[in-house]
There are 2 protein chains.
Amino acid sequence: MPSERTVERLSLYRHLLSRALTEGAAHVHSHQLAGMAGATAAQVRHDVMSIGYSGTPTQGYEVEKLIESIGEFLDTPLSRNIALMGVGNLGRAILSDFAVRRPTLKIVAAFDVEPDRVNRVIHGCRCHSLEELQQIIWTQQIAIAIIAVPASEAQPIADTLCEAGICGMLNFAPVRLQVPQGVFVDDVNITIALEKVSYFAGRKALDRGRIG
Amino acid sequence: MPSERTVERLSLYRHLLSRALTEGAAHVHSHQLAGMAGATAAQVRHDVMSIGYSGTPTQGYEVEKLIESIGEFLDTPLSRNIALMGVGNLGRAILSDFAVRRPTLKIVAAFDVEPDRVNRVIHGCRCHSLEELQQIIWTQQIAIAIIAVPASEAQPIADTLCEAGICGMLNFAPVRLQVPQGVFVDDVNITIALEKVSYFAGRKALDRGRIG
DNA sequence: TAGATTGTTAATCGATTAACAATC
DNA sequence: TAGATTGTTAATCGATTAACAATC
């Protein structure tokens, strides 16, 4: 079982390699990929080894083959259909900015409680009422959900999703979701990320003697 | 120097404790806070110890005092004023959902290149043109920036920000930013987060025998 | 061939966990 | 007092880094 960091890096490698491929790069060395990804060459070699792909000492890694190997490793037999819960400002931003980027991950349905959002098509995605949730999750084979609802509604929504059989959630609400053992949850907390930046930026500025 | 994880958890503790305080809680035990934060009691004790606050065996931690201690530790002498770069869908979502939550962190200015956004007030925040950047960063004493521009514009924007003396950035663009030594950058990559959820959710589903 | 890069093992580093005396 | 919880040290765990023979 690879670590979360390794999975994150592999995902990033694939993204970078796809772009390198369109620019005509046929081979990359570990330190080149490391430079692009903000990792070390040793990490790249470790990550690549862990997915069972091998390069050659002189040429390095074949870009096309490596992309393929990462895909075989990362892409699970799970359906790649995603549900978006909440079509407020954040939900709409996710729909417009991130829905199209990866063909392997696709937001196929959105849900909201606001009557003026339900039954509308927003950024190319139809918004449904919560009553339709279970049926749509089943018929569309949705395995993953994005939680972009206010904090107070996040837990009830998560409960409904778990009952409907969802396998994983990406949670933007600043709440720790209680879910059954078999469900994977990852949190993106923008406020905490900002506080972290503020803290370490402040420490660095102090070290530089810029302030304090 | 505390780890990034410790800083993230401390930020979360403060958030949770503030809410507990308004609900009338005067004291918490390590395992209670751990339960709320999705951490272990040992982690809570370790984190609290590292900021120099002490509880008592019978009562646990005083909520009000602990919040204060976390603040003294996390809140740097750095100005808490933030600039938002890019007022597209994501930028607007950040303005509306996260700007008001923490009084210690405040988005005081937004910037965009689109003429129809410049000089407008969006979600209570004035949007400026990039020409005004340096002057506003200086006069408003802005130390932190949020990068919510398209990938292709992220690096030039980051360069300008570094020249203007910014200390830290929270980057939403799917690019690894090149910055000088003294600048702290943290990345939020929603696509990678989704791929991670998909991978681990798939693994869990396999283990449960739900698929495969 | 010579040299850079690979796969792979061992060493290091740091965070988490366990353990336990001190204490309210 | 008895008992749960604390601060603190030691043990564990896992990831990163270093090292190096194999190899194209």
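Just the heavy atoms: all of them, side chains too, but no hydrogens, waters or symmetry mates, feed the values below. Proteins get letters first, then strands, A, B, ... in listed order; numbering begins at 1 in each.
- Following rounding to the nearest Å, A:H27 (NE2) and C:dT6 (P) show an atom-to-atom distance of 12 Å.
- Atoms CZ (B:R45) and C1' (C:dT16) sit 12 Å apart, rounded to a whole Å.
- At most 12 non-hydrogen atoms from other residues, nucleotides or ligands lie less than 6.0 angstrom from CD of A:Q141.
- In this structure, B:H31 atom NE2 and D:dT6 atom C1' are separated by 11 Å, rounded to whole Å.
- Look at NE2 on A:H46: it is 15 Å from P on D:dA18, rounded to the nearest Å.
- One atom, NE2 of B:H29, and another, C1' of D:dG7, lie 15 Å apart when rounded to the nearest Å.
- By the 30° and 60° cut-offs, the orientation of the rings of B:F73 relative to A:Y199 is parallel.
- No donor-acceptor contact under 3.5 Å links the side chain of B:T56 to the base of C:dC24.
- Of the listed nucleotides (D:dT6, D:dA19, C:dA15), C:dA15 has the atom at the smallest distance from the side chain of B:S3.
- Nucleotide C:dC20: paired with D:dG7 (Watson-Crick or G-U wobble, both distances less than 3.5 Å).
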* Would B:S96 and A:N89 satisfy side-chain hydrogen bond (donor to acceptor under 3.5 Å, both in side chains), going step by step from the backbone distance to the final call? -> CA-CA 7 Å; B:S96 68; A:N89 292 295; 2.9 Å; yes
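- Take the nearest nucleotide of DNA chain D for A:P57 and for A:D47: the residue whose nucleotide is more 5' is A:D47.
- Note on A:S54: only backbone sugar-phosphate atoms sit closer than 4.0 angstrom, heavy atoms only; bases stay farther off.
- For A:T58 and D:dT23, the shortest distance from a side-chain N or O to OP1 or OP2 is not below 4.0 Å.
- Regarding contacts with the backbone of D:dA15, every side-chain N or O of A:R9 stays at 4.0 angstrom or more from both OP1 and OP2.
- Distance, A:M49 CE to C:dA10 P: 13 Å, rounded to whole Å.
- Mapping A:R5 and A:Q59 onto DNA chain D via the closest heavy atom, the residue that lands nearer the 5' end is A:R5.
- Of the candidate nucleotides D:dT17, D:dC24, C:dG7, D:dT17 has the atom nearest to the side chain of A:Q43.
- In this structure, the side chains of A:M85 and A:L130 come closer than 4.5 Å at one or more pairs of heavy atoms.
- Whole-Å rounding puts the A:Q32 CD to C:dA4 P distance at 15 Å.
- Checked against side-chain hydrogen bond (donor to acceptor under 3.5 Å, both in side chains), B:H27 has the following partners two or more places apart in sequence or in another chain: B:Q59.
- Nearest to the side chain of A:T40, among D:dA19, D:dT17, C:dT5, sits D:dT17.
- In the set D:dT17, D:dG7, C:dG7, C:dG7 carries the atom at the smallest distance from any side-chain atom of A:Y61.
- In this structure, the CD atom of B:E4 is 14 Å from the P atom of C:dG14, given to the nearest Å.
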